[in-house]
**Q** 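Can you keep this structure in mind? I'll have questions shortly.
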Amino acid sequence: MSREKSSAVQSIEWREDHVRIIDQTYLPGRTIYADIYDVGQMWDAIRKLKVRGAPAIGIAAAYAFYLGIRDMEEQSYAGFRIEAERIGQYLASSRPTAVNLQWAVDRILNTIHALKDKPLAEIKQRILNLAVTIHEEDKRICKCIGELGQELIPKGAKILTHCNTGSLATGMYGTALSVIYHAHEAGKKIHVWVDETRPLLQGARLTAWELQRAEIPMKLVIDSASGHLMKTGQVDLVIVGTDRVAANGDTANKIGTYNLAVLCKHHGIPFYIAAPLSSIDISLPHGDDIPIEERDSAEITHIGGTQLAPAKTDTFNPAFDVSPNELITAFITEKGIVKPPYTENLAALFSRD
Ligand code: MRU
């Protein structure tokens with residue numbers, strides 16, 4: 001029986017009049033699809049991580065924006081625009097850290113502004129077309145990141161990754177996982193350490209699922225094993241994705257990424273960030289300004305509905321952290337590998353074709 005490669009999994013799909021997503025909260029046990037017909041359903045799906053990963057929530061928000069304006073009865077452009085801006089704000093409020101969400105909303109709002117002289121029916125159709133374009137672009141971008149990034153991976157490399165950055169988190173292939181898929185396909189005989197990624201276990205549930213389907217050699221480890229692995233010479237490089245990169249290269253990613261960055265510096269191990277340009281927020285001078293999402297305490301007091309901590313335990317549950325630019329060896333983008341100085345070299349990406 002031929003096994004479908006995980007790099008071909010499509011986590012979001014436009015289906016004529018609605019969006020179909022893989023509900024990632026059921027993985028790996030069950031592959032359940034959720035059909036989304038309105039913007040409120042998508043807000044909820046993003047908030048609850050049914051669809052997750054920075055590029056994927058940008059794509060999901062783009063389709064949801066269209067669902068939000070599709071049935072709007074407004075007749076005047078002025079009224080339509082006010083309502084569209086409200087939808088944009090609403091969608092962006094679902095999760096604050098990944099800039100891809102705001103990036104997709106801004107791209108749609110700019111298009112709505114540029115089309116102000118067109119009939120509303122045409123504007124709506126153009127927004128659906130734009131959502132499809134954002135989705136298709138992301139697939140090409142992720143492939144490109146994989147092809148360029150795999151050049152950095154030595155033969156036989158032992159690679160550690162955190163969270164899930166694969167097909168599930170993007171249009172297809174992924175960012176950091178795309179590099180891993182491409183290195184594997186290039187015959188580099190890599191081995192991947194998969195961090196479990198507490199508290200929501202994106203590594204254990206999703207990355208392990210993707211890598212297993214793609215038949216890439218890997219082992220799942222608890223997050224706190226990384227120091228031991230590095231100290232005992234079992235990690236050659238770390239590669240992760242990102243939710244937002246500030247103009248100076250400071251990088252937000254899943255909580256625990258900063259720990260890895262510090263450990264890499266201590267052990268002299270390369271620490272790479274795979275980042276599409278849609279995740280780079282050139283408007284933010286440094287990482288201190290990146291909003292960090294705080295999530296429900298039940299995510300850390302319970303696992304799978306079972307209570308671990310005593311009742312009423314006070315918690316602090318930041319979903320992301322920021323790794324300072326000086327800990328980052330290079331960024332892998334669709335426009336090439338970016339090395340320090342980051343302020344100049346990241347800005348230059350935006351003026352390059
Ligand atoms: O909370 P999540 O699962 O949406 O967090 C996802 C991450 O932190 C990923 O590393 C990041 O979005 C990059 S995905 C290509």
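Each ligand, and each atom within it, is numbered from 1 in the order the structure gives. Any value given below was found using the heavy atoms of this structure, including those in side chains, with hydrogens, waters and symmetry copies removed. Here the structure is a predicted model, which means the values were calculated and not measured.
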**Q** Kindly assign one of parallel, tilted or perpendicular to the pair Y77 and F80, based on the angle between their ring planes and the thresholds 30° and 60°.
**A** tilted

**Q** On the 0 to 90° scale, with breaks at 30° and 60°, tag the Y63-H135 ring pair as parallel, tilted or perpendicular.
**A** perpendicular

**Q** Could you check, using the six-membered ring where one of them is a Trp, whether F331 and Y272 have ring centers closer than 6.0 angstrom?
**A**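 Ring centres of Y272 and F331 not closer than 6.0 Å.
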
**Q** Going by distance alone, is a donor N or O of one side chain under 3.5 Å from an acceptor N or O of the other, for D281 and S283?
**A** yes

**Q** May I have a table of the N/O to N/O pairs between ligand 1 and the protein that fall below 3.5 Å, each row giving the two atom names and the distance to 0.1 Å?
**A**
{"residue": "ligand 1", "atom": "1 (O)", "partner": "R95", "partner atom": "NH1", "Å": "3.4"}
{"residue": "ligand 1", "atom": "1 (O)", "partner": "R95", "partner atom": "NH2", "Å": "2.8"}
{"residue": "ligand 1", "atom": "1 (O)", "partner": "K254", "partner atom": "NZ", "Å": "2.8"}
{"residue": "ligand 1", "atom": "3 (O)", "partner": "R52", "partner atom": "NE", "Å": "2.5"}
{"residue": "ligand 1", "atom": "3 (O)", "partner": "R52", "partner atom": "NH2", "Å": "3.4"}
{"residue": "ligand 1", "atom": "3 (O)", "partner": "Q202", "partner atom": "NE2", "Å": "2.8"}
{"residue": "ligand 1", "atom": "4 (O)", "partner": "G53", "partner atom": "N", "Å": "3.1"}
{"residue": "ligand 1", "atom": "4 (O)", "partner": "R95", "partner atom": "NH1", "Å": "2.8"}
{"residue": "ligand 1", "atom": "8 (O)", "partner": "D243", "partner atom": "OD1", "Å": "2.9"}
{"residue": "ligand 1", "atom": "8 (O)", "partner": "N253", "partner atom": "OD1", "Å": "3.2"}
{"residue": "ligand 1", "atom": "8 (O)", "partner": "K254", "partner atom": "N", "Å": "3.3"}
{"residue": "ligand 1", "atom": "10 (O)", "partner": "N253", "partner atom": "OD1", "Å": "2.6"}
{"residue": "ligand 1", "atom": "12 (O)", "partner": "A54", "partner atom": "N", "Å": "2.9"}
{"residue": "ligand 1", "atom": "12 (O)", "partner": "D243", "partner atom": "OD1", "Å": "3.3"}
{"residue": "ligand 1", "atom": "12 (O)", "partner": "D243", "partner atom": "OD2", "Å": "2.9"}

**Q** Any luck finding a side-chain donor-acceptor pair between D23 and T25 under 3.5 Å?
**A** yes

**Q** Name the orientation class of the two ring planes belonging to W43 and Y90 (parallel below 30°, tilted from 30 to 60°, perpendicular beyond 60°).
**A** parallel

